[in-house]
Amino acid sequence: MVAEGRRELSADEKYEERFKAWMSPANVQFASAEAEKAYKERVQLIKDAVELKKPRRIPVCPNIGFFPANYAGITAQEAMYDYQKLGMAWKKYHEDFQPDCLASCLLATPGRVFDILDYRLYRWPGHGTPPNTPYQCVEGEYMLEDEYDALIRDPSAYWMRCYLPRVFGALEGWKNLAPLTDLVEMAFAGAFMVPIGMPEVQRSFEALLEAGRAAVEWIQAAGAIDAEVMGTYGVPSLIGGFSKAPFDTLGDTLRGTKGIMLDVYRRPGKLLKAMEKLVPIMVEMGVRTATMAGHPMVFIPLHKGADGFLSRNDFAKFYWPTLKEVLLGLTAEGLVPLVFVEGSYNQRLDFLADPDLPQGRIVWMFDQTDMVKVKEVLGGGACFAGNVPVALLKAGTPSEVHAYVRDLIEKVGQDGGFILTTGGVVDEAEPDNFRAMIEAGKEYGA
Amino acid sequence: MAGTIETLVEAIVGMREKEALENAQALLDAGVDPLQLIEASRRAVEEIGERFEKGEYFLPELMLAGEMVKRISEMVKDRITSESPEKRLGKVVIGTVKGDIHDIGKNIVSFLLDANGFEVVDLGVDVPAERFVEAVRELEPQVVGMSCLLTLAYEPMKETVRALEEAGLRERVKIMIGGAATDDRIRAYTGADAWGKDAAAAVSLARGWVGG
Ligand code: B12
């Protein structure tokens, strides 16, 4: 009643509120006044870039995966299981390289949680890959071709009763469960509970409880590491919440690459309908996760709409419309989508410059797209970030990295609205090359 | 519907799945030599590969072509009495290197190489250097293809090239690499002969070397 009567904040007002929260993070205790000042300055650098202003200097925010583990000499397995070592490695990374943004150690993910749940969608060190190999997705058709109707009818029930029992070994019993929407009358509720008494369902809930405890242990340890890093080095996280493009939600870990590509021909109508159904779900995921993090940015990695994946026609028909709806849903809530444009978008950059999208409210992070073209097409309308190649960081020399960064900043970083980042997620890099990137970024970005 | 071999090729290339399969079945029922159907599939996929190379076709088309060809070969399987004395351009041994378990990219590369007349021996995923060495020694391919998705594959690729050198086999083969997060710099780093941006590049590289 209260909420309905009250005037809703406008998108811009919400946006300012969210940045205010990000400026003064509730969970971070600053080690010193300088650290706090550095933190606030860095948030301002990013805010200016988002708003297409010329920040005092270009923020240098590499996109980090398991690099801190490799750099500190711990294995991927240790990073996933031993929170002491995890903290040592991730702190060392920030201490030695002084980037402008947090490399969150949450990305290493809690191995024990997935051991307990028997997560079949991935393999990880000690669970299908060797100790020093980061986790990897097992490509597959986890949603079958004839299950679109079930998903469209009730996505949550579909996830609970079909998808989750397939991807989590420990939740196999959930295929016996009834949809939660059965629970509307006392006379129905008894029947609903019966499957929950089955031994395999009981076991699944026991596993779930145990996984929950392991997750809390992890977030207490890993969350404290991130908070300490932010408070000590004055680095904000670039990422608040997360979401996905509906085509990727289906294509990555439900239908799989082959499945979704065949669906484009074999069942286009159902595919479109399912994606429409996912739009509000993807918006809600972004809003909720960012709000919980007290942060304005929502990370969205783009996968299967890139050059080489879909034709421009199919991109326009299948990929872009629902992605655009998600972006609009998020910006309406005052959020800033941080869209990681993986692969290359040279043939479809014009879509991203859609005039319906609000100016100065989105960050596009590029991987292999031609950055000069990016500036031509997006410059002045949206902030963009890019793109020191991971191959260069691994196999190049410091002077080559230096030259790449200088050239990039000269060509596209002069007018503001630019963040320096890596093209891909960094797992491996020569430390000297990595250092050269940060130094050159700070030198030429000033 | 009485189609011909030509309409079959057109239907496959045109991505008309239902028509292609009906056409193939009708031809078979009419007593057409099953080997002609196989040959039609091959021609169609070669054309599809060319369109992929030109940027007219993308993953949906490659995946659907793969499905159509698979169904047609299942259809004719029981009716083929003798193996066709198919002439192959050359032999390619391919695999995703050690530590990496991704195969979508590699499978597309294999599919197009096969359609373009190469005999492809696919070693699968997570293939250690020794398996590549063994395969080169036993099968004597002209070309080795290494695929990956993740940067963790850089070192294993380099090791594989070195292992081939140590086994004295390096001079006998051309090595190409590819996959997300690779580029020509990584080619130089690993010591391979060439890097291919996509599956069409893999075909032209192999053709260039084998002289097909
Ligand atoms: C889709 C995708 C995913 C999906 C994969 C599952 C699925 N069902 O698709 C999901 C969402 C699960 C995912 C997860 C992750 N991903 Co991912 N993902 C991608 C993405 C967008 C596309 C990969 C793909 O499917 N390609 C399709 C095939 C057809 O393309 P391809 O393999 O490149 O093959 C083509 C060519 O390269 C070439 N080719 C391939 N092999 C060969 C061989 C030879 C000899 C030749 C000549 C040519 C050739 O021909 C093929 C066809 O033309 C890439 C970025 C990109 N655009 O490439 C990132 C990418 C691979 N992912 C990456 C990362 C970091 C991850 C995660 C670690 C993220 C995380 N923190 O969770 C996880 C786990 C790792 C994993 N992938 O297992 C990074 C890897 C970088 C690194 N450090 O190694 C990439 C490169 C993104 C980036 N720029 O940072 N990912």
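As a basis for the values below, the full set of heavy atoms in this structure was taken, side chains included, without hydrogen atoms, waters or symmetry mates. Just so it is clear: chains get the letters A, B, ... in the order the sequence lines come, proteins before strands, and each one is counted from 1.
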Just so I understand: if I count every heavy-atom pair under 4.5 Å between each of B/D198, B/L152, B/T182 and chain A, which residue has the most? B/L152

Side chain / backbone / both / neither for A/E342 at chain B, heavy atoms under 4.5 Å: neither

Taking every heavy-atom pair that is under 4.5 Å apart, which of A/L310, A/V264, A/T133 has the most such pairs with chain B? A/L310

So, the part of B/Y57 with a heavy atom under 4.5 Å from chain A: the answer is neither

Which heavy atom of A/L349 sits nearest a heavy atom of A/V377, and at what distance? O-CG1, 3.9 Å

What part of A/N70 gets within 4.5 angstrom of chain B, counting heavy atoms only: side chain, backbone, both, or neither? neither

Which bit of A/S311 is near chain B, if near means a heavy-atom gap under 4.5 Å: side chain, backbone, both or neither? both

With rounding to the nearest 0.5 Å, note down the distance linking CG in A/L271 to CD in A/E145. 13.0 Å

More than 12 non-hydrogen atoms from neighbouring residues, nucleotides or ligands closer than 6.0 Å to NZ on A/K244, yes or no? yes

Applying a strict 4.5 Å limit to non-hydrogen atoms, the region of A/E139 in contact with chain B is side chain

Evaluate A/D432 against A/R435 for salt bridge (Lys or Arg N to Asp or Glu O under 4.0 Å), listing each step before the verdict. CA-CA 5 Å; A/D432 288 343; A/R435 194 168 295 111; 3.1 Å; yes

To the closest 0.5 Å, what do you measure between CG (B/N23) and CD (B/E6)? 10.5 Å

Checking A/D407 side chain against A/A403 main chain: does a donor-acceptor pair fall under 3.5 Å? no

Let's test your reading of the structure: which of A/R312, A/Q347, A/Q136, A/R123 forms the most heavy-atom pairs below 4.5 Å with chain B? A/Q136

Okay, B/I104 and chain A: the region with an atom under 4.5 Å from a heavy atom over there is side chain

Enter the distance from A/T421:OG1 to A/I64:CD1 here, rounded to the nearest 0.5 Å. 8.0 Å

Nearest heavy atoms of B/I186 and A/A395, plus distance in Å: CD1-CB, 3.8 Å

Against chain B, work out which of A/V390, A/L262, A/V425 has the most heavy-atom pairs shorter than 4.5 Å and name it. A/L262

Lys/Arg-Asp/Glu bridge criterion (N-O < 4.0 Å) met for B/E22, B/K18: yes

Does the plane of the ring in A/F315 sit parallel, tilted or perpendicular to the ring in A/W320? Use 30° and 60° as the thresholds. parallel

Most chain B-contacting option - heavy-atom pairs closer than 4.5 Å, from A/K258, A/Q368, A/K304: A/K258

Which one, A/D427, A/T257, A/V426, A/N132, leads in non-hydrogen pairs under 4.5 Å with chain B? A/T257

Mind checking the CG-CG spacing from B/N107 to B/L62? Nearest 0.5 Å is all I need. 12.0 Å

Quick one: does any side-chain atom of B/R42 pair with a main-chain N or O of B/G117 as donor and acceptor, under 3.5 Å? no

Okay, A/Y265 and chain B: the region with an atom under 4.5 Å from a heavy atom over there is side chain

Does atom CD of B/E74 have more than 12 heavy-atom neighbours, drawn from other residues, nucleotides or ligands, at distances under 6.0 Å? yes

Can you tell me which portion of A/L392 sits under 4.5 Å from chain B's heavy atoms? Options are side chain, backbone, both or neither. both

Is chain A contacted by the side chain of B/D126, its backbone, both, or neither, given a heavy-atom distance below 4.5 Å? neither

What are the residues of residues 143-151 of chain B, in order of number, with any heavy atom under 4.5 angstrom from a heavy atom of chain A? B/L150, B/T151

Rounded at 0.5 Å granularity, tell me how far CD in B/Q25 sits from CZ in B/R71. 12.5 Å

Tell me, for B/E61 versus chain A, whether the close heavy atoms (under 4.5 Å) come from the side chain, the backbone, both or neither. both

Looking only at A/C137, A/G423, A/G308, A/G256, the option with the highest number of non-hydrogen pairs under 4.5 Å against chain B is A/G308

